[in-house]
Amino acid sequence: MIKLIGTAYKRDDFTKEEFFDYWFDVHAPISAQLPGLRGYVVSEVVSKLGGELETEAFVEQWYDDEAAWDRASATEQAAAAWEDVGRYAKTSGTFWVVKEHVIVPPPDRGPGLASTWEKGS
């Protein structure tokens, strides 16, 4: 399993609340349609403890392997998701493909927001 992880920055004309409202209500349902997507998490930055990087959030998406990511990124769904980003966020985020090494697994948090979205709507 691999993970795509990236930084997310709100547009200057959006408040933080508007940024996350748009992401969760409009963008996330579009991004969640990527074929082969095994997980999708948005981590809102609550406070910064140190370092140079400034960001509103981190996005994480899991795929079976890099080939699965490559296939997903070449789809119409991926094009639609990337097209939508500029409607609420800056397009200057940095993204990485990473391999996780789990030391302590995170707690099970239930079905997530996607369980409330109607597929295909």
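These values consider heavy atoms only, across backbone and side chains, with no hydrogens, waters or symmetry-generated copies.
The main-chain N or O of G86 is found under 3.5 Å from a side-chain atom of R11 such that the two form a donor-acceptor pair. At least one donor-acceptor pair under 3.5 Å links the side chain of T55 to the backbone N or O of A8.
Shortest non-hydrogen contact noted between D65 and I2 is C-CG1, 3.5 Å. In terms of heavy-atom proximity, V42 sits nearest to A57 at CG1-CB, 4.3 Å. Among all heavy-atom pairs drawn from A78 and A72, the shortest one is CB-O, 3.2 Å. K3 and E100 make their closest contact through NZ-OE2, 2.8 Å (heavy atoms, listed as atom of the first residue, atom of the second, distance).
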Evaluate side-chain contact (heavy atoms from CB on, under 4.5 Å) for Y63 paired with V97, printing each intermediate quantity in order.
CA-CA 10 Å; Y63 296 88; V97 173; over 6 Å; no
Test ring pair (Phe, Tyr, Trp, His ring centres under 6.0 Å) on F95 and W82; report intermediate values, then the result.
CA-CA 13 Å; F95 294 85; W82 283 113; 5.4 Å; yes
Go through the steps to decide whether V41 and W62 satisfy the test side-chain contact (heavy atoms from CB on, under 4.5 Å), and finish with yes or no.
CA-CA 9 Å; V41 171; W62 285 261; 3.5 Å; yes
Take E56 and V45, measure what side-chain contact (heavy atoms from CB on, under 4.5 Å) needs, and give me the verdict at the end.
CA-CA 5 Å; E56 272 77 40; V45 173; 6.0 Å; no
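We find the CD-CD distance between E83 and E76 to be 11.5 Å, quoted to the nearest 0.5 Å. Atom OG1 of T15 is separated from atom CG of D21 by 7.5 Å, given to the nearest 0.5 angstrom. Distance check, rounded to the nearest 0.5 Å: CD of E54 to OG1 of T7 gives 11.5 Å. Considering OG of S31 and CG of L37, their distance stands at 8.5 Å, rounded to 0.5 Å. The CG atom of D70 sits 11.5 Å away from atom OG1 of T75, with the distance rounded to the nearest 0.5 Å.
Side-chain heavy atoms closer than 4.5 Å link hydrophobic residues (I, L, V, M, F, W, Y) into clusters, and following such links, even through other members, never connects Y40 to F58. Taking hydrophobic clusters as Ile, Leu, Val, Met, Phe, Trp and Tyr residues chained together by side-chain heavy-atom distances below 4.5 Å, W69 shares a cluster with V85. The hydrophobic clustering, which links ILVMFWY residues whose side-chain heavy atoms are closer than 4.5 Å, places M1 and V98 apart.
Considering only heavy atoms from C-beta on, P35 stays 4.5 Å or farther from R71 through its side chain.
The environment of NZ in K48 is crowded: more than 12 heavy-atom neighbours from other residues, nucleotides or ligands sit within 6.0 Å. The number of heavy-atom neighbours closer than 6.0 Å to CZ of R87, taken from other residues, nucleotides and ligands shown, is above 12.
Ring geometry for Y22 against Y88 counts as parallel: the plane angle stays under 30°, on a 0 to 90° scale with 60° as the upper cut. Using cut-offs of 30° and 60° on the angle between ring planes, the pair F19 and W23 is perpendicular.
A salt bridge is defined here as a Lys NZ or Arg NE, NH1 or NH2 lying under 4.0 Å from an Asp or Glu carboxylate O, and E44 with K16 meets this definition.
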